[in-house]
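Right, one structure below, let's go through it.
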Amino acid sequence: MKNDKSLIRKKLRSSFVKIFDKTLLDEIVEIGIYKSFEKEDLLIDIDDQMTHIPLIIDGVVKVIREDKNNDEILLYFLEKGDTCAISFINCINRSKSMFRAVIEKDTTCIMIPIDKIEDWIIKHKTWRHFIIDSYHKRLTEMVEAIDSLAFLKLDDRLYKYLSDKMKILHNQNLTITHQQIADDLNTSRVVVSRLLKSLEKIGKIELGRNKIKIAI
DNA sequence: ACATTAAGTGATT
DNA sequence: AATCACTTAATGT
């Protein structure tokens, strides 16, 4: 069950539709290790040495940047069909992770050892495209994160955060505390509580203990 | 019943 | 928008 090759093949097919050609798919199935993680698990931490790259089959991973004072800021989410593209470069030049990746929703993925990453870039055109495309996606999301930090006021950022989260979790009922939101946005809980209250007043959300329902 | 944790609020900077 | 200081409400033991 642990490393059922046909299972891996099936999962890869459904989550990475038509991305990998047959020979590459065969190699991934042969080499990849199937792994599951639970919410709050730490996939990779800042300054960790990368050994594997995750290809995400299912679930959600949040990617965070942290400064010296342990202040965090949410950068973006990874979901089905994604990979941590930034980590590729980290792998290739053997440097350490710049980010922390935490499981946001129970996740299954296929781990690829780093020595294969570079091989495949040379060997497989589809892999090459996958990497470049994934890098592009991450860069786009990063720019979006910068935009929202630089140009949006906190109330808009907060609402964007909630709707992004709703989208990626496919659930308009979020189970989250005001404190956790404050951590992700790097602000204080009191401020989050107040802004949420005002969002509730204008009918954009409904509040409950540990719960937020986003109106559609 | 009591302690703990989450959320609400006025006042101050 | 942040911080303080405090209250109220919900939940766990």
Side-chain angles (χ1 to χ4, degrees), chain A residues 35-48 54 56-80 82 84-87 96-109 136-216:
Chain A
K35 276 206 165 185
S36 338
F37 296 92
E38 285 173 13
K39 192 174 160 125
E40 303 300 320
D41 282 355
L42 194 61
L43 195 59
I44 187 119
D45 205 351
I46 292 161
D47 287 342
D48 274 4
I56 298 167
I57 298 296
D58 217 340
V60 177
V61 181
K62 80 170 169 183
V63 178
I64 287 165
R65 178 78 182 143
E66 193 187 65
D67 76 359
K68 299 134 206 132
N69 315 322
N70 293 346
D71 286 330
E72 296 187 349
I73 186 89
L74 171 82
L75 293 175
Y76 49 76
F77 292 107
L78 300 174
E79 57 185 329
K80 175 196 274 202
D82 282 335
C84 194
I86 311 297
S87 54
K96 291 169 179 174
S97 176
M98 295 186 282
F99 308 115
R100 168 176 301 149
V102 185
I103 305 300
E104 176 73 24
K105 179 183 169 188
D106 291 4
T107 295
T108 53
C109 59
H136 177 248
K137 268 168 78 179
R138 243 74 283 162
L139 183 62
T140 306
E141 283 174 325
M142 197 90 85
V143 169
E144 218 187 290
I146 293 173
D147 279 352
S148 117
L149 266 164
F151 304 129
L152 292 186
K153 283 190 284 174
L154 192 51
D155 50 351
D156 294 330
R157 260 179 81 206
L158 175 61
Y159 188 69
K160 183 179 188 308
Y161 168 86
L162 293 173
S163 43
D164 282 353
K165 198 140 175 154
M166 160 179 82
K167 234 175 279 165
I168 204 141
L169 296 175
H170 307 108
N171 189 352
Q172 70 228 23
N173 292 294
L174 304 178
T175 301
I176 193 166
T177 67
H178 299 183
Q179 185 60 61
Q180 289 171 312
I181 298 175
D183 291 343
D184 280 344
L185 298 180
N186 188 30
T187 178
S188 70
R189 191 231 95 215
V190 196
V191 173
V192 170
S193 292
R194 287 201 169 114
L195 292 174
L196 285 172
K197 256 280 163 265
S198 56
L199 282 173
E200 187 179 39
K201 274 204 189 96
I202 57 174
K204 289 200 168 191
I205 58 173
E206 277 172 47
L207 296 173
R209 190 186 167 89
N210 293 324
K211 278 185 313 185
I212 298 174
K213 180 176 179 182
I214 297 127
I216 348 150

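Here is how names work: the chains are called A, B, and so on, in the same order as the sequence lines, proteins then strands, and each is numbered from 1. Since the structure is predicted, the reported quantities are computational estimates derived from the model, not experimental observations. Values below: every heavy atom of this structure, side chains too, minus hydrogens, waters and symmetry copies.
At a cut-off of 3.5 Å, with distance as the only test, a side-chain donor of A/Q179 or A/D183 sits close to an acceptor on the other residue. In this structure, a donor-acceptor pair under 3.5 Å is present between the side chains of A/S193 and A/R189.
Counting only distance, with no hydrogens or angles, the side chain of A/N69 and the backbone of A/D71 share no donor-acceptor pair below 3.5 Å. Using modelled atom types, one side-chain atom of A/D106 and one backbone atom of A/K39 make a donor-acceptor pair closer than 3.5 Å. Formation of a donor-acceptor pair under 3.5 Å by the A/S148 side chain with backbone atoms of A/I146 is not found in this model. A/R157 places no side-chain N or O within donor-acceptor distance of the main-chain N or O of A/L149, the cut-off being under 3.5 Å.
Between A/R194 and A/I176, the residue anchored closer to the 5' end of DNA chain B is A/I176, taking for each the nucleotide with the nearest heavy atom.
Remark: P of B/dA7 and CG of A/L158 are 13 Å apart, rounded to the nearest angstrom. In this structure, the CZ atom of A/R209 is 7 Å from the P atom of B/dA6, given to the nearest Å. Between A/R189 atom CZ and B/dG8 atom C1' there is a gap of 7 Å when expressed in whole angstrom units. Taking atom CG of A/L195 as the reference point, atom C1' of B/dG8 lies 13 Å away to the nearest angstrom. Atoms CD (A/Q179) and P (B/dA7) sit 9 Å apart, rounded to a whole Å. Taking atom CG of A/N210 as the reference point, atom C1' of B/dT5 lies 9 Å away to the nearest angstrom. A straight line from CD1 of A/I181 to C1' of B/dA6 spans 12 Å, rounded to a whole angstrom.
Under 4.0 angstrom from either OP1 or OP2 of B/dT5 there lies no side-chain N or O belonging to A/H178.
The span of DNA chain C lying next to chain A, judged by atoms under 4.0 Å from heavy atoms, is bounded 5' to 3' by C/dA1 to C/dT11.
Residue A/T177 is in sugar-phosphate contact alone, with no base atom involved, counting any heavy-atom pair closer than 4.0 Å across all strands shown.
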